[in-house]
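Some notes on the structure that comes next.
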Protein chains: 2
Amino acid sequence: MTRMHKEHNLSKNQQIIFDLIHKSPEPLKAYTILFSVQKKGINAPPQVYRALDKLVEIGKIHKIESKNAFVSCKNSDCEISKATAFSICESCEMVDEISDVKLSKYLSSFNYKKGMKFKRFNLELFGLCKKCK
Amino acid sequence: MTRMHKEHNLSKNQQIIFDLIHKSPEPLKAYTILFSVQKKGINAPPQVYRALDKLVEIGKIHKIESKNAFVSCKNSDCEISKATAFSICESCEMVDEISDVKLSKYLSSFNYKKGMKFKRFNLELFGLCKKCK
DNA sequence: TACATACTGTTATATTATAACAATTCTAAC
DNA sequence: GTTAGAATTGTTATAATATAACAGTATGTA
Ligand SMILES: [Zn+2]
Ligand SMILES: [Zn+2]
Ligand SMILES: [Zn+2]
Ligand SMILES: [Zn+2]
């Protein structure tokens with residue numbers, strides 16, 4: 001039987017770091033994570049970065065490129081990790097993952113003239129949130 | 001002694017660094033720039049980063065966030081870089097600024113439900129270019 | 001068992017970016 | 001032309017972000 005999706009069982013370090021990111025109300029930076037998990041035996045940057053790389057790869061988290069910070073995926077894990085969009089408040093730094101099917105479809109089907117075939121995109125929208133307006 | 005270059009109202013360091021980026025076929029990283037301009041008397045990172053910050057601010061260059069690299073603006077009307085989109089080849093690293101009015105209008109008018117009012121966006125589309133396909 | 005793959009722990013280093021402060025140059029108002 | 005504020009420059013030091021390299025350990029599968 002072929003399974004549609006492999007269920008990713010997270011390793012110990014991956015689970016520790018995912019849990020931390022998942023319960024954080026704001027994007028977390030790698031070294032903030034490192035300092036937070038030292039009590040759990042994760043002592044060095046490579047341990048954090050390896051877990052982060054893997055979690056990004058399987059779509060459990062996303063990297064906010066403009067902030068070098070990580071958020072957990074708020075959509076149905078991993079499937080749309082190749083099509084990410086975020087709203088970012090320039091005042092309070094709040095980040096929210098946008099799940100807008102029309103937007104996602106529009107960008108996924110975007111065809112660029114010069115022969116590019118797109119496999120993935122990342123969109124970051126900046127402005128002021130409700131509170132900060 | 002040192003006079004402002006009239007052409008774009010850029011200062012000496014800004015002009016040197018803009019020229020370098022502008023004639024580069026590929027995005028340039030800050031320290032690549034630093035090494036390239038040392039013969040012109042720019043010796044330290046802050047000199048490079050200050051020029052880069054200013055050039056980004058006035059829209060002469062853009063930062064490719066996923067690469068920590070800089071390209072010159074290819075849109076003549078991008079005076080304030082509030083709406084940027086790039087196609088990026090995952091194989092050869094080629095980066096191309098997309099100027100698609102429909103896309104730009106679509107994203108600029110994108111209204112997110114949760115009360116965000118967007119002032120600016122950055123879109124990075126990844127795939128394989130014509131050569132690399 | 002034996003082998004492959006993924007994950008871990010560790011030290012060191014590379015890369016990217018900013019803080020802080022003094023000096024100079026540009027601009028515009030007087 | 002003098003003057004004062006803003007912008008730019010030069011400089012040293014350091015902070016923040018990320019990876020290389022290598023050795024060891026678990027885990028799944030044949
Ligand atoms: Zn997601
Ligand atoms: Zn806000
Ligand atoms: Zn542009
Ligand atoms: Zn290519």
Side-chain angles (χ1 to χ4, degrees), chain A residues 1-3 6-21 24 26-71 78 93 95, chain B residues 1-21 24 26-71 93 95 124:
Chain A
M1 276 299 203
T2 49
R3 287 149 79 178
K6 180 178 193 299
E7 184 57 47
H8 289 282
N9 294 309
L10 300 182
S11 72
K12 172 176 145 285
N13 288 359
Q14 289 160 14
Q15 189 71 56
I16 290 168
I17 286 171
F18 174 73
D19 288 345
L20 187 69
I21 295 171
S24 170
E26 61 198 4
L28 292 180
K29 288 169 162 272
Y31 276 74
T32 304
I33 292 168
L34 176 57
F35 297 139
S36 297
V37 297
Q38 283 185 330
K39 59 181 84 87
K40 296 197 169 163
I42 297 175
N43 302 302
Q47 296 175 288
V48 172
Y49 280 101
R50 285 190 294 229
L52 290 173
D53 288 348
K54 186 69 179 181
L55 291 167
V56 166
E57 183 193 329
I58 64 180
K60 300 283 291 180
I61 65 172
H62 304 302
K63 182 175 185 180
I64 309 301
E65 294 286 357
S66 62
K67 291 178 158 309
N68 297 318
F70 300 85
V71 296
C78 94
E93 313 262 288
V95 170
Chain B
M1 285 241 187
T2 324
R3 314 212 69 249
M4 294 282 271
H5 290 62
K6 271 220 147 170
E7 200 176 347
H8 296 296
N9 285 336
L10 300 181
S11 73
K12 172 176 145 285
N13 288 358
Q14 290 160 13
Q15 187 71 53
I16 289 169
I17 287 171
F18 174 73
D19 288 344
L20 188 69
I21 295 170
S24 170
E26 61 198 3
L28 292 180
K29 288 170 162 271
Y31 276 74
T32 305
I33 293 168
L34 176 56
F35 297 139
S36 298
V37 297
Q38 283 185 330
K39 60 182 83 90
K40 296 197 169 163
I42 296 175
N43 301 302
Q47 296 175 288
V48 172
Y49 280 101
R50 284 189 295 228
L52 290 173
D53 288 349
K54 186 67 179 184
L55 291 166
V56 166
E57 183 193 329
I58 64 179
K60 299 285 291 179
I61 65 173
H62 304 302
K63 183 175 186 180
I64 310 299
E65 294 286 357
S66 62
K67 291 178 159 307
N68 296 318
F70 299 84
V71 296
E93 314 262 287
V95 171
E124 299 185 4

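Chain identifiers are assigned alphabetically (A, B, ...) following the order of the sequence lines, protein sequences preceding nucleic acid strands; residue numbering begins at 1 within each chain.
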Legend entry - Partner of A/Phe70 by side chain to side chain contact (heavy atoms under 4.5 Å, CB included), out of A/Leu28, A/Thr32, A/Leu55, A/Leu52: A/Leu52
Legend entry - Close side-chain approach of B/Glu93 to B/Glu26, heavy-atom, < 4.5 Å: no
Legend entry - Gap between atom CG of A/Leu10 and atom NZ of A/Lys54 - 0.5 Å precision: 10.0 Å
Inset, instruction - Figure out the NZ/P separation between A/Lys54 and C/dT5, and round it to whole Å. - result: 13 Å
Inset, instruction - Work out which heavy atom in B/Val48 is nearest to a heavy atom in B/Ala30; give both atom names and the distance. - result: CG1-O, 3.7 Å
Legend entry - Value in whole Å for how far the C1' atom of D/dA7 lies from NZ of B/Lys12: 14 Å
Legend entry - Side chain to side chain, A/Arg50 and A/Asn13, heavy atoms closer than 4.5 Å: no
Inset, instruction - Scan residues 27-44 of chain B against DNA chain D and write down, sorted by residue number, each residue with any heavy atom closer than 4.0 Å; if none is found, say none. - result: B/Asn43, B/Ala44
Inset, instruction - Using a 4.0 Å heavy-atom cut-off across all strands, classify A/Lys63 as base, sugar-phosphate, or nothing. - result: sugar-phosphate
Legend entry - Phosphate contact (C/dT18 OP1 or OP2) by B/Tyr49 side-chain N/O below 4.0 Å: no
Inset, instruction - Report the distance from atom CG of A/Asp53 to atom P of D/dA18, rounded to the nearest whole Å. - result: 10 Å
Inset, instruction - State which of D/dT11, C/dT16, C/dT8 makes the closest approach to the side chain of B/Gln47. - result: D/dT11
Inset, instruction - Starting at CD of A/Gln47, measure out to NZ of A/Lys40 and round the result to the nearest 0.5 Å. - result: 14.5 Å
Legend entry - B/Lys67 backbone acceptor or donor facing B/Lys29 side chain under 3.5 Å: yes
Inset, instruction - Can you check each nucleotide of nucleotides 20-30 of chain D against protein heavy atoms at under 4.0 Å and return B for base, S for sugar-phosphate only, - for none, in 5' to 3' order? - result: BB---------
Legend entry - Qualifying residue for side chain to side chain contact (heavy atoms under 4.5 Å, CB included) with B/Ile17, from B/Ile61, B/Ile33, B/Leu34: B/Ile33
Inset, instruction - Provide, to the nearest angstrom, the distance between the CG atom belonging to A/Asn68 and the C1' atom belonging to D/dA18. - result: 10 Å
Legend entry - Gap between atoms NZ and P, on B/Lys67 and C/dA17 respectively (whole Å): 14 Å
Legend entry - Side-chain donor or acceptor of B/Asp53 paired with backbone N/O of B/Ala51 under 3.5 Å: no
Legend entry - Spacing of B/Asn13 atom CG relative to C/dT24 atom C1', expressed in whole Å: 13 Å
Legend entry - A/Ser11 side-chain N/O to C/dT8 phosphate OP1/OP2 under 4.0 Å: yes
Inset, instruction - Please state how far atom CG in B/Leu55 lies from atom P in D/dA7, giving the value in whole angstrom units. - result: 16 Å
